[in-house]
Asks: 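Can you keep this structure in mind? I'll have questions shortly.
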Amino acid sequence: MSEPKQNTRLVHDGSHPEDNYGVVNPPVFRASTVSFQTVAAQAEARADADNNFVYGRRGTPTSSAFEEAVANLEGGDKTIAVGSGLAAIASAMLAFVSAGDHVLVCDNGYSPTRNLSENFLKRFGVETSYYDPMDSTGVKNHFRPNSKAIYLEAPGSHTFEVMDVGAIAGAARDAGIKVVMDNTWSAGYFFKPFDFGVDVAVQAATKYHVGHSDAMLGAVTVTKEDQEVVFASARQLGHHAAPDDAYLGLRGMRTMSVRMDRHETNALKVAEWLAGRAEVDQVLHPAFKNCPGHENWKRDFSGSCGLFGVVMKEAPVEAVHALIDTLELFGLGGSWGGYESLVLPTNVTRTATTAPGPGPLVRFHIGLEDPDDLIEDLGAGLDAFSAAC
Ligand SMILES: *Cc1c(COP(=O)(O)O)cnc(C)c1O
C-alpha cells in the first residue's frame, strides 16, 4: 500500500489493539510506580528509558500513543507530551539557553511566551529581543553571537499576521540559531513546520487535539537531532501529561479532520459576513486578502481554522461589552479549539510593531454550530454595539 494520507493517519496512528486484547483505543494507564521482576530487568529498562516505561512521570502506553500520532501529524520524528501548551513552549525554549544567551521572539507571539521571557528567562540571565514577524529580511539584524533560539508563531496571536516561516527559519538556521515554532493555530493539520526549516514544533493540544474543552495538554515535536536536549529539558523540569488527558488528546485526533474542515467553513462564512457589517472595521483572518502575510498563508498552509479576530469601528468600551453580553451562542472565555463558539475582547502588547486599530480588537472562535444561527446571534450583538455607541 502507498503511504497513507493525513486523514487516514489521524484515524490509525498510535492505535495498537494487538497490545490491548483487541480493544481499539489504548487503555488509560494511571501510573506512578512501574514495577520490575528483577534488578537486571529494571536496569535494562532504565538504560533506554525513552523507549521503555520506567516511572509514571516519564510516560505510559497512553501518552506514547498520543505522542506517536502527534509526531506523525507534525511531520517530525518524536513528540513528548506535557501538561499544557505553555509547558511545551517553556520546555522547548529552555532546552537551548544558558545564562548570558539571547533569544528572539516574534512581536505577535502568544503573550505568555513574552511573560516567560520577561519574568523568567531574564532572571536567569537570558535576554529577549522582539522582531517584526513580517520583516523576514530584517530579522537577521537582531541576531547576536549569543543568540541561541528564535520563537515563531504563524499566524500571530490575536492579530493573525502570517510570517514567512521558511524565510525566517532559514535565516536563523544559517546563523546557527534553533527555530522553535508554535504551530497551535494550524493544529499541525494545515501546516507542516518541518518542511519549512523549523527545528522544534510546539502544540497547545488543549485546543484542537483535545477539541472538546475538557483537558489541558501540550506537545513538543522534534527531529532526531534535538530529541535528547529537548526531552531532557521537559523531563528535568518535571513535565508530564496526565494519562486521562493524553487519552482525550488522542481521542480528539480521531475526529480532527472533520472538525477542522467544519471549523474552517463555518469561520469563513461568519468572517465574510462580519466583513460586510458597518460596525466592523477590519477582519483579521489569514484567508482574507487584506491580512498581512495572506500570500504566505496561501502558499504554505492548506487551510484555516476557526480562530480569527476583528477590529471594530472606534467605539466606547461599553459598546464592545454590549456586543459580547448580548451574544447567546458565544461563550466568553479564554482558550479555543473546542466544538463551541467563543468570543474574547483582546488587548495586545507590541513593542517592535504597531497593533491593528484604532478600534477595539475582538477575537472569535467559530465552533461547529450552524453558522446561520451564529450570524443571527452576531446580528443582535452588533445592533447592541451600535446602540451603545
Ligand atoms: C492556548 C495557547 C497556548 C498555550 O496552551 P495551554 O495549553 O493553554 O497552556 C500556546 N500557544 C498558543 C498560540 C495558544 O493559543
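Numbers here simply count residues along the sequence, with the first being 1.
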Asks: Could you tell me if Tyr151 and Asp182 have a donor-acceptor pair between their side chains, going purely by distance under 3.5 Å?
Replies: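 Distance-only check passes for Asp182 and Tyr151.
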
Asks: Are any of the side-chain nitrogens in Asp174 or Lys140 under 4.0 Å away from the carboxylate oxygens of its partner?
Replies: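 Answer for the salt bridge query: no.
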
Asks: Where does the angle between the aromatic ring planes of Phe364 and Phe330 fall among parallel (under 30°), tilted (30 to 60°) and perpendicular (over 60°)?
Replies: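 Correct class here is perpendicular.
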
Asks: Under a 3.5 Å threshold, yes or no: a donor from one side chain and an acceptor from the other, between Glu340 and Ser213?
Replies: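 The answer is yes; a qualifying pair exists.
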
Asks: Counting C-beta onward and ignoring hydrogens, is there a side-chain heavy-atom pair between Asp107 and Pro133 closer than 4.5 Å?
Replies: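 Of all side-chain heavy-atom pairs linking Pro133 with Asp107, at least one is under 4.5 Å.
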
Asks: Might you confirm whether atom CD of Glu18 has over 12 heavy atoms from other residues, nucleotides or ligands at distances under 6.0 Å?
Replies: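 Yes, the 6.0 Å shell around CD holds more than 12 heavy atoms from other groups.
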
Asks: What is the distance from atom OG1 of Thr113 to atom CD of Glu153, rounded to the nearest 0.5 Å?
Replies: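 Reported to 0.5 Å precision, the distance equals 6.5 Å.
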
Asks: Tell me, do Phe308 and Ile366 make a side-chain contact under 4.5 Å, heavy atoms counted?
Replies: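 They are in side-chain contact.
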
Asks: What distance separates Asn296 CG from Cys291 SG, expressed to the nearest 0.5 Å?
Replies: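 Reported value, rounded in 0.5 Å steps: 9.5 Å.
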
Asks: Return each pair, listed once, that meets salt bridge (charged side-chain N to carboxylate O under 4.0 Å, His left out) where at least one residue sits in residues 343-369; pairs must be two or more places apart or across chains.
Replies: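 Checked against salt bridge (charged side-chain N to carboxylate O under 4.0 Å, His left out) - neighbours excluded - no pair reaches residues 343-369.
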
Asks: Please determine, by modelled atom types, if Asp383 and Ser386 share a side-chain donor-acceptor pair under 3.5 angstrom.
Replies: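 On atom types as modelled, these side chains do not qualify, holding no pair under 3.5 Å.
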
Asks: Please determine if Arg58 and Asp50 form a salt bridge, counting it only when a charged side-chain N lies under 4.0 Å from a carboxylate O.
Replies: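 Salt bridge present between Arg58 and Asp50.
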
Asks: State plainly whether the residues Glu3 and Arg9 are in salt-bridge range, i.e. N to O under 4.0 Å.
Replies: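 Salt bridge flag = yes for Arg9 with Glu3.
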
Asks: Distance check, rounded to the nearest 0.5 Å: His263 atom NE2 versus Thr265 atom OG1?
Replies: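 Separation between the atoms: 10.0 Å.
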
Asks: I'd like to know if the side chain of Thr255 and the backbone of Gly252 have a donor-acceptor N/O pair within less than 3.5 Å.
Replies: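 Yes, because the side chain of Thr255 sits within donor-acceptor range (under 3.5 Å) of the backbone of Gly252.
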
Asks: Quick check on Arg262: does its CZ atom have over 12 non-hydrogen neighbours (other residues, nucleotides or ligands) under 6.0 Å away?
Replies: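 No, CZ of Arg262 has 12 or fewer neighbouring heavy atoms, counting only those of other groups under 6.0 Å.
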
Asks: Residues in side chain to side chain donor-acceptor pair (under 3.5 Å) with His285, at least two apart?
Replies: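 With sequence neighbours excluded, His285 shows a side chain to side chain donor-acceptor pair (under 3.5 Å) to no residue whatsoever.
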
Asks: Indicate yes or no: at least one non-hydrogen side-chain atom of Pro193 is less than 4.5 angstrom from one of Val165.
Replies: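 When only atoms from C-beta onward are counted, Val165 and Pro193 do not touch, as no gap falls below 4.5 Å.
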
Asks: Hey, are Asp101 and Asn146 close enough side-chain-wise for a donor-acceptor pair under 3.5 Å?
Replies: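 No.
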
Asks: Linking I/L/V/M/F/W/Y whenever their side-chain heavy atoms sit closer than 4.5 Å, directly or via other members, would Val230 and Phe194 fall into one cluster?
Replies: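 No, it is not one cluster - the side chains of Val230 and Phe194 are not joined through contacts under 4.5 Å.
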
Asks: Any salt bridge between Glu127 and Arg144, counting N to O under 4.0 Å?
Replies: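 Yes, charged N to carboxylate O under 4.0 Å.
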
Asks: Assess whether a salt bridge exists between Glu225 and Lys178, defined as any Lys/Arg side-chain N lying under 4.0 Å from an Asp/Glu carboxylate O.
Replies: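 Judged by the 4.0 Å cut-off on N to carboxylate O distance, Glu225 and Lys178 do form a salt bridge.
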
Asks: I need the minimum non-hydrogen distance between Leu342 and Gly334, along with the two atoms involved.
Replies: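 Closest approach of Leu342 to Gly334: CD1-O, 4.2 Å.
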
Asks: Would you kindly confirm whether Val220 and Phe196 end up in one hydrophobic cluster when ILVMFWY residues are joined by side chain heavy atoms under 4.5 Å apart?
Replies: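 No, Val220 and Phe196 fall in different hydrophobic clusters.
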
Asks: Could you pull out the closest heavy-atom pair between Ala31 and Thr60, with the gap in Å?
Replies: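 Closest pair (atom of Ala31, atom of Thr60, distance): CB-CG2, 4.0 Å.
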
Asks: Minimum heavy-atom separation for Met260 to Ala187, with atom names?
Replies: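 Met260 and Ala187 have their closest heavy atoms at CE-CB, 3.9 Å.
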
Asks: Could you check whether any side-chain heavy atom of Ile150 comes within less than 4.5 Å of a side-chain heavy atom of Val139, counting everything from C-beta outward?
Replies: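 Yes, close enough: below the 4.5 Å cut-off.
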
Asks: In sequence, state the C-alpha distance, the side-chain angles, and the governing distance for Met181 and Glu74, and then conclude on side-chain contact (heavy atoms from CB on, under 4.5 Å).
Replies: CA-CA 11 Å; Met181 179 178 177; Glu74 293 288 312; over 6 Å; no

Asks: Is any side-chain heavy atom of Leu382 closer than 4.5 Å to one of Leu274?
Replies: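 Result yes, sub-4.5 Å side-chain heavy-atom pair found.
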
Asks: Assigning hydrophobic clusters by single linkage (Ile, Leu, Val, Met, Phe, Trp, Tyr; side-chain heavy-atom cutoff under 4.5 Å), is Leu327 placed with Val362?
Replies: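 In one cluster with Leu327: Val362, yes.
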
Asks: Charged N to carboxylate O under 4.0 angstrom, Lys269 versus Asp372?
Replies: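 The answer is yes: the pair qualifies as a salt bridge.
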
Asks: Look up atom NZ in Lys313 and atom CD in Gln282, then write down how far apart they are to the nearest 0.5 Å.
Replies: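 Here the rounded value is 10.5 Å.
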
Asks: Are a donor atom and an acceptor atom from the side chains of Tyr189 and Asp261 found within less than 3.5 Å of each other?
Replies: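 Yes, Asp261 and Tyr189 have a side-chain donor paired with an acceptor closer than 3.5 Å.
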
Asks: Can you confirm whether Lys78 is buried at NZ, in the sense that more than 12 heavy atoms of other residues, nucleotides or ligands lie under 6.0 Å from that atom?
Replies: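 Counting neighbours around NZ of Lys78, 12 or fewer heavy atoms of other residues, nucleotides or ligands fall under 6.0 Å, so no.
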
Asks: Between Ser129 and His142, is there a side-chain donor-acceptor contact under 3.5 Å, judged purely by atom types and distance?
Replies: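 No, no side-chain donor-acceptor pair sits under 3.5 Å.
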
Asks: Taking the inter-plane angle between the rings of His365 and Trp336 on a 0 to 90° scale, is it parallel (under 30°), tilted (30 to 60°) or perpendicular (over 60°)?
Replies: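 Geometry flag for Trp336 against His365: tilted rings.
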
Asks: May I ask you to test the Leu73-Met256 pair for a side-chain heavy-atom distance under 4.5 Å?
Replies: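 In contact.
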
Asks: Counting neighbours of CD on Glu118 that are heavy atoms of other residues, nucleotides or ligands and sit closer than 6.0 Å, is the number greater than 12?
Replies: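 Atom CD in Glu118 is crowded, with more than 12 foreign heavy atoms closer than 6.0 Å.
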
Asks: Any chance the side chains of Asp77 and Thr223 put a donor and an acceptor closer than 3.5 Å?
Replies: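 Distance-only check fails for Asp77 and Thr223.
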
Asks: Phe288 and His294: ring pair (Phe, Tyr, Trp, His ring centres under 6.0 Å), yes or no, with the steps?
Replies: CA-CA 7 Å; Phe288 280 51; His294 167 71; 8.7 Å; no

Asks: Inspect the contact between Arg251 and Asp245 and indicate whether a charged nitrogen and a carboxylate oxygen are less than 4.0 angstrom apart.
Replies: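 Between Arg251 and Asp245 there is no salt bridge, as every charged N stays at least 4.0 Å from the carboxylate O atoms.
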
Asks: Taking the side chain as C-beta and beyond, is there a heavy-atom pair between Val103 and Leu121 under 4.5 Å?
Replies: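 When only atoms from C-beta onward are counted, Leu121 and Val103 do touch, with a gap below 4.5 Å.
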
Asks: Working to the nearest 0.5 Å, report the span between CG of Asp135 and SG of Cys106.
Replies: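 The SG atom of Cys106 is 13.0 Å from CG of Asp135, to the nearest 0.5 Å.
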
Asks: Pair Ser117, Tyr130 - check side-chain contact (heavy atoms from CB on, under 4.5 Å), show working.
Replies: CA-CA 10 Å; Ser117 278; Tyr130 299 90; 3.5 Å; yes

Asks: With clusters defined by side-chain heavy atoms of hydrophobic residues (ILVMFWY) lying less than 4.5 Å apart, directly or transitively, does Tyr131 cluster with Phe96?
Replies: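 Different clusters: Phe96 never reaches Tyr131 through Ile, Leu, Val, Met, Phe, Trp or Tyr contacts under 4.5 Å.
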
Asks: Establish, from distance only, whether the side-chain atoms of Thr128 and Arg114 form a donor-acceptor pair under 3.5 Å.
Replies: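 There is no such pair (donor and acceptor under 3.5 Å, judged by atom type) between the side chains of Thr128 and Arg114.
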
Asks: Using side-chain hydrogen bond (donor to acceptor under 3.5 Å, both in side chains), reason through Asn108 and Thr353 one step at a time and then give a plain yes or no.
Replies: CA-CA 8 Å; Asn108 60 353; Thr353 58; over 6 Å; no

Asks: Evaluate the criterion side-chain contact (heavy atoms from CB on, under 4.5 Å) for residue pair Arg30 and Asp244; output intermediate values, then yes/no.
Replies: CA-CA 8 Å; Arg30 296 196 182 84; Asp244 293 270; 2.7 Å; yes

Asks: Answer yes or no: are there more than 12 heavy-atom neighbours, outside Arg299 itself, under 6.0 Å from its atom CZ?
Replies: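 Yes, because the 6.0 Å sphere around CZ of Arg299 holds more than 12 heavy atoms from other groups.
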
Asks: Within a strict 4.5 Å, meaning less than it, do heavy atoms of the Ser304 and Pro286 side chains meet?
Replies: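 No - every pair of side-chain heavy atoms lies 4.5 Å or more apart.
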
Asks: Take Phe66 and Tyr247 through the side-chain contact (heavy atoms from CB on, under 4.5 Å) test and state the conclusion after the steps.
Replies: CA-CA 7 Å; Phe66 169 71; Tyr247 178 90; over 6 Å; no

Asks: Keeping Ser233 on the side-chain end and Ser91 on the backbone end, is there a donor-acceptor pair under 3.5 Å?
Replies: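 It does hold such a pair.
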
Asks: How long is the gap from NZ on Lys192 to CZ on Phe301, to the nearest 0.5 Å?
Replies: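 The CZ atom of Phe301 is 11.5 Å from NZ of Lys192, to the nearest 0.5 Å.
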
Asks: Can you check whether His102's main-chain N or O pairs, donor with acceptor, with Ser147's side chain at less than 3.5 Å?
Replies: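 It does not hold such a pair.
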
Asks: So, Asn52 side chain and Asp48 main chain: donor-acceptor pair closer than 3.5 Å or not?
Replies: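 Yes, Asn52 side chain to Asp48 backbone: donor-acceptor pair under 3.5 Å.
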
Asks: Is it the case that atom CG in Asn347 sees more than 12 heavy atoms from other parts of the structure closer than 6.0 Å?
Replies: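 Result for CG/Asn347: open.
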
Asks: Does Tyr208 share a hydrophobic cluster with Phe160, counting links as ILVMFWY side-chain heavy atoms below 4.5 Å and allowing steps through other members?
Replies: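 Both belong to a single hydrophobic cluster.
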
